[in-house]
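Every number for a ligand or one of its atoms is a count from 1 in the order of the listing.
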Amino acid sequence: MNAIELARAIPKAELHIHIEGSLEPELIFQLAQRNAVSLAYPSVDALRAAYAFTDLQSFLDIYYAGASVLLTAQDFHDMAWAYFLCAKADHVIHAELFFDPQTHTARGVPMAAVIEGLRSACRQAETELGISSALILCFLRHLSEEEAFATLEAALPFREHFIGVGLDSSERGHPPSKFQRVFARCRELGLKLVAHAGEEGPPAYMREAIDLLKVQRIDHGVAVMQDAALMEELARSRMPLTVCPLSNLKLCVVKDLREHPLKKMLDAGLCATVNSDDPAYFGGYMNANFEQTVQALNLSRDDVVQLAKNSFEASFISEERRRACLAELERVMAR
Ligand code: HPA
Ligand code: ZN
């Protein structure tokens, strides 16, 4: 088995997937029809043709428009269930899903519909597909910290249904420090903490996320390549970085996948993982990310296994579940 075949076959965890970014154009049109929402694009093909991004913001504009078809708990369930079927095909055995409640509550969708719809898909994934999962509520960083506090308040009646909070949307000009107080409150509540940092923003934003927000993982973090001291610190502390190669390519963070820093990150001893970010928009789910990255960077079988191990090391799971995931990895490798 070569490295690509191995990458396809091994069990893995996905830790950076915006569930709204798994909405395929076909499902967007189905839900638009079901909910009588009008779309700015006449057809599935026309919508897909608009997926030519120049940077993060050019993507976010289309991503928020796509999410406008989600109204009911059933819609959120159907979206997440479609994702879990793709995850299963790619041998994802654990997934931590980001969701953006502000995108929905701003349109009058109740927080209960968002969270209960997603939770029911998570339960079904556990029983029918054997995939464990958890939800992470993301604050939109282009909005105010006050709005983040209001969102947290609205989500607290559903506290047992999500394990942590994250920070996403437009990075430049919205540093982690803007959300220091709300993250401190989330920390008191015992929530896990993550934040997007160092995708388009500078390594200083990664430092802020760690020092001020006290995050336990950094989403993206490819800007670590610009700061050798930070790289050394993060390798020593094994701070996980949830890297998304196809996203970085599609949003022009890298010009060519062959220039992606993932291999250098692994060689430096960073706890880097591979993830799909917004698979419906960026050209593929987990295995597409693995296959294209292994090919472009000529990753070895050892690199591939390290990436899978890192994904379980970085997961917010019980030690018992971690041992089971690692045992499953060993079992598949022995075949
Ligand atoms: N970066 C920031 N915000 C996002 C992303 C991303 O890649 N995807 C969905 N929201
Ligand atoms: Zn992301």
For the CZ atom on Arg258, are there more than 12 heavy atoms of other groups (residues, nucleotides or ligands in this structure) within a distance under 6.0 Å?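 No.
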Glu128, CD: over 12 other non-hydrogen atoms inside 6.0 angstrom: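 Yes, the 6.0 Å shell around CD holds more than 12 heavy atoms from other groups.
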Quick check: does any side chain N or O of [X] sit under 3.5 Å from a backbone N or O of [Y], one acting as donor and the other as acceptor?
{"X": "Glu208", "Y": "Pro175", "value": "no"}
{"X": "Arg141", "Y": "Phe179", "value": "no"}
{"X": "Glu14", "Y": "Ala95", "value": "no"}

Working to the nearest 0.5 Å, report the span between [atom1] of [X] and [atom2] of [Y].
{"X": "Arg323", "Y": "Ser318", "atom1": "CZ", "atom2": "OG", "result": "8.0 Å"}
{"X": "Lys263", "Y": "Thr293", "atom1": "NZ", "atom2": "OG1", "result": "13.0 Å"}
{"X": "Leu257", "Y": "Leu249", "atom1": "CG", "atom2": "CG", "result": "5.5 Å"}

Below 4.0 Å, non-hydrogen atoms only: which portion of [X] touches ligand 1? Side chain, backbone, both or neither.
{"X": "Phe98", "answer": "neither"}
{"X": "His220", "answer": "side chain"}
{"X": "Asp219", "answer": "neither"}
{"X": "Glu199", "answer": "side chain"}

Close N or O approach ([X], ligand 1; < 3.5 Å):
{"X": "His16", "answer": "no"}
{"X": "Asp277", "answer": "yes"}
{"X": "Asp100", "answer": "no"}

For atom 8 (N) of ligand 1, what is the closest protein heavy atom, and at what distance to 0.1 Å?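 Answer for atom 8 (N) of ligand 1: Asp278 OD2, 2.7 Å.
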In the protein, which heavy atom is nearest to atom 5 (C) of ligand 1, and how far is it?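 Answer for atom 5 (C) of ligand 1: His18 NE2, 3.5 Å.
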Please state whether the separation between the Zn ion (ligand 2) and some N/O/S atom of Cys244 is under 2.8 Å?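 No, outside the cut-off.
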Measuring to the Zn ion (ligand 2), does Asp278 have an N/O/S atom at a distance below 2.8 Å?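 It does not: Asp278 brings no N, O or S atom closer than 2.8 Å to the Zn ion (ligand 2).
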Can you find a non-hydrogen atom of Ser169 under 4.0 Å from ligand 1?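 Yes.
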Of all the N, O or S atoms in Asp277, which has the shortest distance to the Zn ion (ligand 2)?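 Per the distance ranking, Asp277 contributes OD1 as its closest N/O/S atom to the Zn ion (ligand 2).
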Verify the cluster assignment for Leu23 and Phe84: are they in a single hydrophobic cluster under the rule of side-chain heavy atoms below 4.5 Å apart?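 Linked, Leu23 and Phe84 end up in one cluster.
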For Phe59, take its heavy atoms, then give the atoms of ligand 1 lying under 4.0 Å from any of them.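 With Phe59 as reference, the close atoms of ligand 1 come out as 8 (N), 9 (C).
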Angle at the Zn ion (ligand 2): provide the value between NE2 of His18 and NE2 of His196, rounding to 10 degrees.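 Rounded to 10°, it measures 90°.
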Closest heavy-atom pair and its distance - Ala121, Trp81: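 Closest heavy-atom pair between Ala121 and Trp81: CB-N, 3.9 Å.
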